[in-house]
Amino acid sequence: MPDDGSLLQASVIFLLTAVVMVPLAKRLKLGAVLGYLLGGVLLGPSVTGLISAPQSVAQLSELGVVMLMFLIGLELSPRRLWVMRRAVFGAGLAQVVLTGVVLALGAWLVFSLPANTALVLGFGLALSSTAMGLQLLAERKALNSPHGRQAFAILLFQDIAAIPLIALVPVLGTAQSTDNNGLWHLLQVVVSIGIVFVGGRYLLRPVFRMVAKSGLQEVSTATALLVVMGTAWLMEWAGVSMALGAFLAGLLLADSEYRHELESQIAPFEGLLLGLFFMGVGMTADLSLLLSHPWQVLGLATLLLALKSPLLTLVGRTVGRLHTQEALRLGLLLAAGGEFAFVLFKLALQHQLLTTALYDLLVLTITVSMALTPLLLMAGARWLQQAPAPGSVPPEYHQLQDHGPRAVIVGMGRMGQIVARMLRAQRVPFVAFDNEVDTISFTRSIDNIPIYYGDPLRAGVLRTAGAEQAEFFIVATDDPETNLQITEQVRRRYPHMKVIARARNRQHVHKLWDLGAHPVRETFHSSMEMSRQVLLGLGLSDEQTDARLRRFRQHDEAVLMEQHKVYDDEAALIQTARQARAELENLFESDRLESRPGVLQQPDA
């Protein structure tokens, strides 16, 4: 770190580099990932030397990948993972095995490396970058495309496969001990995964419930960070991939009522730390090696891309059943090396499977391949514009297609629950929010409604729920001021959305109209139903009762519209109210009920 490890100075340098390089790269249409990588190269010891010890930020930057995997787990419920089993354990397994074997054979036969070294090198290079792949898909809004979903499945299997690969390195290495360390390590892995499973399944929900009841936003943020970082620490202690542990924790909380709250808390940190991870990758690049052996480095990076891309395309086309264009996109996206290769090769160096020179060359090769990927995607964008042919998408992708909710309900009290039950009966996808923990628990236990804890006034909560895709936003909280605030926020963020809001009284109706919402008076319709029962009891027929109620409703709505022009003028409002009362009496003058029950002065036409 600069200046005796000044954390503040280093933070300023990182943030300044990100603020300058990322927008510049985006403006040049190179993508944010390449901007971070180039920024890291500039900061590293090979160029400016502003950060002289890149390894000092490596552990912190790895938290970006950890948080990314936690968010992936939150998005991927066990039900969706089961639906994806063929994509994950079919295409994912085929890609890792096929690519690993081909690269290992090439390293053994062509470069004459020892068999154990070639095996580690081949399967290490077979892994792709989860962080970069998902970031590039997100930038291109292709996460839900066929090749995006297949890429996600393959990356997920690669993260799982990293565990046995890491465990295999000490077995293949020459610097291994002869005691029972292997058995102890296996026990650590089992215990740590067991703790994550039990904690995520049974302990975290009561903790989040207690934190939510406190109402302290900073404690909620601290709890979310504790879950992610605590899981990462536990997995690191066990010698397992921290990212996989975070993914398991997220997966166990995917169906939790606190899912969107957690996602909104973690997302800002994930974005910054993921950027720091890419900058860390750039800082580790040894440019002196690139300058001294440019053709060797570029040749190896090109060879890696040239070998992996066709193999990925083949897997996507045959096992993944993608259209040719989508399979080619998949090949370009995942052809580069990945972050787990750094971990694997560093461990291989420690166990004397790799020499220092070969390790440096591999790290630089992976870095260069990652830097070339956004450029390859840009070059192939116009060439791969043809849309997939109908029927070329595998059936499981149709099952996974998530168009998001068509409605968002805020406030699950008396009104919100009725709306939710009606939508569910009509099989209309929706998502509901409330900030009362007891209401959420009770509603979930009885009706199994998709209700979550979260404050809709925070943009992150609505964004993580896919609110921008909804057609209707129903504001049903029992606090008029909160309804107004939520309506104002929603109308500003999502002007295309139709807002239906619960109104306490006529004054509240006017304010909601001003905000462009469609107000529904909370007691008006129930009062009309009560009036109907009274009129029927007094002797009117159903037709006569409906005619009178319809006439009353039309008059009341007309008056409400007229009062909206002067609702902020109390004197004018009183005057219109008196005038409306007189008009209403005149309206029913010809067919009023006599004092004697059950007798009409004049029947309705």
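FYI, the numbering just counts along the sequence from 1.
Put simply, CG on L515 and NE2 on H510 are 13.5 Å apart, with the number rounded to the nearest 0.5 Å. For the atom pair N483 CG and L512 CG, the distance stands at 7.0 Å (nearest 0.5 Å). Between atom OG1 of residue T373 and atom CE of residue M378 there is a gap of 13.0 Å, rounded to the nearest 0.5 Å. Here Y567 contributes atom OH and H564 contributes atom NE2; the two are 6.0 Å apart, rounded to the nearest 0.5 Å. A distance of 12.5 Å separates CG of L334 from CZ of F152, quoted to the nearest 0.5 Å.
By the side-chain hydrogen bond (donor to acceptor under 3.5 Å, both in side chains) test, E471 is found to be paired with R406, residues two or more places apart in sequence or in another chain being considered. Not counting sequence neighbours, the partners of T545 by the side chain to side chain contact (heavy atoms under 4.5 Å, CB included) test are R532, L535, L536, L540, L549. Annotation: side-chain hydrogen bond (donor to acceptor under 3.5 Å, both in side chains) contacts of R414 (sequence neighbours excluded): none. For the side-chain hydrogen bond (donor to acceptor under 3.5 Å, both in side chains) test, no residue two or more places apart in sequence or in another chain qualifies with H508. In terms of the side-chain hydrogen bond (donor to acceptor under 3.5 Å, both in side chains) criterion, T223 has no residue partners (sequence neighbours excluded).
For E488 and R491, the salt-bridge test fails: no basic side-chain N is under 4.0 Å from an acidic carboxylate O.
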Steps toward side chain to side chain contact (heavy atoms under 4.5 Å, CB included) verdict (L276, F14): CA-CA 8 Å; L276 181 61; F14 279 121; 3.6 Å; yes
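Under the salt bridge (Lys or Arg N to Asp or Glu O under 4.0 Å) criterion, the residue pairs touching residues 500-514 are R502-E522, R504-E522, R506-D556, with sequence neighbours excluded.
In this model, a donor atom of one side chain and an acceptor atom of the other lie less than 3.5 Å apart for Q489 and R492. With hydrogens and angles left out, the side-chain atoms of E529 and S526 include no donor and acceptor closer than 3.5 Å.
Taking the six-membered ring for Trp, F552 and H555 have ring centres at least 6.0 Å apart.
Ring geometry for H496 against Y494 counts as perpendicular: the plane angle is over 60°, on a 0 to 90° scale with 30° as the lower cut.
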